[in-house]
Amino acid sequence: MKRIIAKQEHCMGCGLCEVGCAVQHSKSKDPIKAYNHEYPKPISRIRLELNKPVSFAIQCRHCENAPCVVACLTGAMTRDEETGFVKHNPEKCMGCWTCIMVCPYGAIKADVSGKIVAKCDACTELSVPVCVASCPNGALECKEVTS
Amino acid sequence: MKSYLPVDFIVERDESKCIRCKVCVNQCTYETHNYDAQDDVIRSKDENCVNCQRCVTMCPTHALSIKKNLGPFRDNANWSSEVIKDIKKQAETGGVLLTGMGADKPYLTYWERLLLNASQVTNPSIDPLREPMEIRTYLGAKPDALEIEFEDGDIDLKTKLAPQLILETPIMFSAMSYGAISLNVHESLARAAMRAGTYFNTGEGGLDSRLYKYGERAIVQVASGRFGVHSSYLNAGAAIEIKIGQGAKPGIGGHLPGEKVTEDIARTRMIPVGTDALSPAPQHDIYSIEDLRQLIYALKEATNYSKPVSVKIAAVHNVAAIASGIVRAGADIIALDGVRGSTGAAPKVIRDNVGIPIELAIASVDQRLRDEGIRNKASIVAAGGFRSSGDIVKAIALGADAVYVATAALIALGCTVCQKCYTGKCPWGIATSDPWISKRVNPEIGAERLVNLLRGWSMEIKEIMGGMGINAIESLRGNRLHLRGVNMTDTELKILGVKMAGE
Ligand code: SF4
Ligand code: SF4
Ligand code: SF4
Ligand code: SF4
C-alpha cells in the first residue's frame, strides 16, 4: 500500500505543495489561470502546519478504519480496498460536513463552492502525487508501507 | 539619522503572473515581501533585498526578478557606486564594513592567464573513457627513499610509510565551521566526502557528536580558539589541521556572535550558550616555528602518530619561507589559502587587500620546497576560490597535490554568493545556525548535489589529462611544462615558473 509520508525535519514551510495541489485540482491545471482566473478557485487538499521551527504538510491519512467513511450519511466517502485510499464521490456528497467534524486530522475542507467537501485523492491518476513532486526539499515522500 | 544610502536592488513582480501564494513572503529571510490582505497584493521593500535569488528560484510562476539599482551614481572610475556607498555606510555606522565570501575584485586572478597544453602528432592523447586514468591522490609525508626486499618472488616494503590521506579525486571540502554553517551543511559535506572518497574539513568549531560517524572522512581543525578540541575529537578525524590563518582574513581572528551560539553549537564548541565565540588572531602558544613544532608533535602524540597533521596558512608575502619552516616543523600537509579565499564574515578592507593570489603561492612554495629538497616531506593543498576543474588542473600543474573547495561546494548547495553570510540569515539555509532556516538544506539532497559536482569535475580532470597524454595525476603534479602564460610580465612568468604562450 502506498502512503504519503510527511518528514517534518525537512519541511521548510514554503507552501509549494499547497500550490501544486490546488493547481492539480483546478480546471486549467495552469497555476496563473487557476489562481487568478478560475471560479470557484481551486483549493489545496494538503495543509501546511507551522509552529517554527516545526512544520509539516498534512493531507488525508487514508485511515484504515476511517471515521469519515463510517460517518458519511450518503456513502460518498468510501475506502478502496485495493489501494487503501479513502475516496470521495462529489456526485453523492450533500455537503452536510459530518466528515469534516469527525476527521481527527482536519484533513477535509469545504470546497469553495460551499456545497460539497474536498479532500486528498492521492493523485491516483499521476505516477507521483503532485505535492510530493512539488516539494523542493524532499519533505514529502510517497512510499510503500505495510499497514 | 536619515540614511543617504540608495537601495542596492529593485524587486520586480509581474502582477499578471503573481498568484499571491506567499511563497516569496515566507522564503525571504530579510522580510522583503509582505502580503497585504486588504488589497490582496504582495508588496516588496527593495531596501531589504540582498539579491540572493531565493524568492526568484522558488516562485512557482516565475513572476519575480531582481534588478540591480543601476549606478545609481554618476559613472566614475575612481568613485564607483560601491566606493560611495561604502563611505556613506561608514559615515552612518562608524563601524568596520563586514562582508562574506571571497574577494570579488577581478584583478587578483591568474587562472585566466594560464593556458593548458594538449598532445598533437608527436605524442598521443589518451581517451579516458577507454583507458584507465588515475586521479587517486595520497596526502602526507613521503619517504626519501623506498627500501624493498624481494623474497621468493614476494615484494616486501621495508620502509615504514607515514600516515596518508587517500583521495579518490584531488578535491576536498575546505574548512567551514559548525556555527558559521548549519549542521545540515556539515552533514551534506560529510556524506558527500564519504561517498566520493574524499575529505571534509570541520573548520574551527568542532564536530557535532552526531557526525562522528563520518569521522573517517573528516579533517579536524584546531584553531586559535581551540573550540571543541578534545581527545575524542582529535581521534575521530582522519587528519588534524592546525589553522594559523585563512585567505579571506589573514592575521585576523574570528568572531561568532552569541546569538548564533545555540545549544547544539555551544555543546560542540564547549562554550556557554549565547556567548560570543572569539578566535584570537594568533595562536597564542605559537609565536615561532619552534612553537609550531611543539603543537604539531603534541597533536601527533595525542593521536599516536596515526594521522597526518596539516598546517593551514593564508598565502602572504613570505609564503615560501614560512612554508619551508612549517615543513621543517613536522607538518605532513601544508594548506595554502589565497587572497580570494572565502569566509563567513571578514572586514571588507582585509578581504579585498590582504594576501597574495593562490597561483603565485603554489608556484613559489612548490619551487622553494623542491629547491630545498624537502618537497616530499609534505603535500601541498591549495585553497581560495577554485571555480572549475580547469582551475584545479592548473593548480596541480603549478605544484599542488590537491585543492580545497568551499564556495563552489556551497554554490552546489544553493548559495548564490550574495556575500551576506555574516548576517546569519542566509535564505538558502547555509550560513546560518537558525534551526528554522537551516531546514532548507536537506543533507540527503545536499550530499547528492555535492557528489554530482565532484563526479563532473573529476571526469573533466580526466578529460584534460587525457588530452595532454597523461594517464596519472602524479605526472601532472608540478609539471609546469603543461602550462603557458599570456598577458604576463617576465617576473610573473618567472614566479609562476611557466613559459610564455608560443615559447
Ligand atoms: S512543499 Fe515541502 S517543504 Fe514546502 S511546505 Fe510543502 S512539505 Fe514543506
Ligand atoms: S512566490 Fe511568486 S506567485 Fe507567489 S506570491 Fe510571490 S511573486 Fe506571487
Ligand atoms: S529572497 Fe533574496 S532575492 Fe528575494 S527579496 Fe529576499 S533577499 Fe531579495
Ligand atoms: S552562503 Fe548564503 S548568505 Fe552566504 S553568500 Fe551564499 S547565499 Fe549568501
Side-chain angles (χ1 to χ4, degrees), chain A residues 5-58 112 128 130-143, chain B residues 13-29 33 35 40-42 53-64 182-184 187-188 191 210 262-264 413-414 425-430 432-449:
Chain A
I5 318 283
K7 296 174 156 178
Q8 84 80 14
E9 70 275 25
H10 298 317
C11 175
M12 53 177 187
C14 64
L16 282 168
C17 48
E18 295 182 333
V19 175
C21 180
V23 173
Q24 179 63 25
H25 296 92
S26 69
K27 286 189 214 95
S28 60
K29 308 227 187 303
D30 172 277
I32 298 172
K33 269 183 121 165
Y35 271 81
N36 293 354
H37 306 292
E38 275 184 30
Y39 188 83
K41 222 179 187 173
I43 59 162
S44 166
R45 290 109 206 272
I46 187 166
R47 192 181 73 244
L48 174 61
E49 290 290 340
L50 196 82
N51 182 9
K52 293 176 189 176
V54 178
S55 69
F56 52 85
I58 185 163
V112 269
V128 181
V130 74
C131 54
V132 176
S134 310
C135 178
N137 210 35
L140 292 168
E141 197 186 355
C142 184
K143 65 172 186 190
Chain B
R13 177 178 284 99
D14 183 341
E15 292 302 341
S16 70
K17 286 183 175 173
C18 175
I19 58 172
R20 296 169 302 287
C21 63
K22 308 187 200 76
V23 170
C24 54
V25 178
N26 66 49
Q27 288 300 291
C28 180
T29 52
H33 313 286
Y35 176 61
D40 187 30
V41 57
I42 312 268
Q53 295 282 315
R54 177 75 183 183
C55 59
V56 176
T57 310
M58 292 294 158
C59 172
T61 59
H62 308 293
L64 283 170
S182 66
L183 183 70
N184 284 351
E187 185 161 357
S188 305
R191 286 199 203 177
R210 286 166 284 182
T262 61
E263 209 166 298
D264 288 338
L413 296 178
K425 290 195 206 167
C426 174
W428 290 88
I430 297 166
T432 183
S433 61
D434 180 317
W436 171 238
I437 309 174
S438 51
K439 285 174 93 179
R440 296 176 183 200
V441 174
N442 174 340
E444 196 36 50
I445 298 176
E448 192 185 334
R449 298 181 77 99

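Note on residues 132-142 of chain A: pairs passing salt bridge (charged side-chain N to carboxylate O under 4.0 Å, His left out), not counting sequence neighbours, are A/K7-A/E141. Annotation: salt bridge (charged side-chain N to carboxylate O under 4.0 Å, His left out) contacts involving residues 39-55 of chain A, sequence neighbours excluded, comprise A/R47-A/E49.
Checked against side-chain hydrogen bond (donor to acceptor under 3.5 Å, both in side chains), B/R440 has no partners two or more places apart in sequence or in another chain.
No part of B/S438 comes within reach of chain A, as not one of its non-hydrogen atoms sits under 4.5 angstrom from that chain. A/S55 touches chain B through backbone and side chain together, each having a heavy atom under 4.5 Å away. With a 4.5 Å cut-off on non-hydrogen atoms, A/E18 does not touch chain B at all. Proximity to chain A (any heavy atom under 4.5 Å) is shown, for B/C24, by neither the backbone nor the side chain.
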One pair to check against side-chain contact (heavy atoms from CB on, under 4.5 Å): B/T57 and B/W428. What are the steps and the verdict? CA-CA 11 Å; B/T57 310; B/W428 290 88; 3.6 Å; yes
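At a heavy-atom cut-off of under 4.5 Å, chain B is reached by A/P31, A/I32, A/Y35 from residues 20-35 of chain A, listed in order of number.
Atom CD of B/E15 is surrounded by more than 12 heavy atoms from other residues, nucleotides or ligands within 6.0 Å. By the 6.0 Å contact criterion, NE2 on B/H62 is open, its count of non-hydrogen atoms from other residues, nucleotides or ligands being 12 or less.
Closest non-hydrogen pair, B/I445 versus A/P136, comes out as CD1-O, 4.0 Å.
Here B/C55 contributes atom SG and B/L64 contributes atom CG; the two are 5.0 Å apart, rounded to the nearest 0.5 Å.
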